[in-house]
Amino acid sequence: MKKRALISVWNKTGIVEFSKALVERNYEILSTGGTKALLEKNGIGVKSVSDLTGFGSIMDGRVKTLHPKIHAGILNKRNNKFHNQDLKKYNFKNIDLV
């Protein structure tokens with residue numbers, strides 16, 4: 001199963017190289033705004049957080065990853081059957097790296 005990484009940074013130093021290393025390790029990359037644009041510009045496949053959540057950024061970009069589809073994926077305790085049932089019920093996916 002492919003792992004997922006959420007990458008959204010203000011200081012983008014080294015983020016392209018880091019993201020390439022993740023892709024080489026079979027990670028799917030989720031990202032926002034400027035980080036997403038930089039990764040795409042450098043040939044890295046990336047999925048938009050807004051496309052995942054169905055909700056764009058607000059408050060000058062300060063609020064974009066605060067959404068149940070993101071936080072449930074991050075906070076899911078993989079060994080907790082009730083957490084996994086909730087993910088399945090809502091068709092959410094794990095996020096393995098932030």
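Along the sequence shown, residues are numbered consecutively beginning with 1.
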(request) Determine which pairs satisfy ring-ring contact (aromatic ring centres under 6.0 Å, His included) with at least one residue from residues 78-98, sequence neighbours left out, and list them in order. (result)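 Listed once each, the pairs are Y90-F92.
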Heavy atoms only: give me the nearest [X]-[Y] pair and the separation to one decimal.
{"X": "I95", "Y": "I70", "answer": "CD1-O, 3.7 Å"}
{"X": "D96", "Y": "R78", "answer": "OD1-NH2, 3.0 Å"}
{"X": "L52", "Y": "R4", "answer": "CD1-NH2, 3.8 Å"}

Please table the atom pairs, donor to acceptor, closer than 3.5 Å between any side-chain atom in residues 15-24 and protein atoms at least two apart or in another chain.
{"from": "S19", "atom 1": "OG", "to": "I15", "atom 2": "O", "distance (Å)": "2.8"}

(message) Show me the pairs that pass side chain to side chain donor-acceptor pair (under 3.5 Å) and involve residues 5-16, at least two apart or across chains.
(response)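 Listed once each, the pairs are S8-T32, N11-T13.
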(request) Find out if a path of hydrophobic residues (ILVMFWY) with successive side-chain heavy-atom gaps under 4.5 Å connects I7 to V46. (result)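 Both belong to a single hydrophobic cluster.
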(message) Quick check on the hydrophobic clustering: are V49 and L75 connected, directly or via other members, by side-chain heavy-atom contacts under 4.5 Å?
(response)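 In one cluster with V49: L75, yes.
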(request) Supply the atom-to-atom distance T35 OG1 to I44 CD1, rounded to the nearest 0.5 angstrom. (result)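 Here the rounded value is 11.0 Å.
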(request) Output the distance between atom CG (L38) and atom CD (E40), rounded to the nearest 0.5 Å. (result)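 Answer rounded to 0.5 Å: 10.0 Å.
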(request) Kindly indicate whether the side chain of H71, heavy atoms from C-beta on, has any atom under 4.5 Å from the side chain of L66. (result)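 Yes; the side chains approach each other to less than 4.5 Å.
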Tell me every residue that passes side-chain hydrogen bond (donor to acceptor under 3.5 Å, both in side chains) with [X], counting only those two or more places apart in sequence or in another chain.
{"X": "K93", "answer": "none"}
{"X": "N76", "answer": "N84, N94"}
{"X": "R25", "answer": "none"}

(message) Using the rule side chain to side chain contact (heavy atoms under 4.5 Å, CB included), only one of L97, L30, I29 pairs with L6; which is it?
(response)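 That would be L30.
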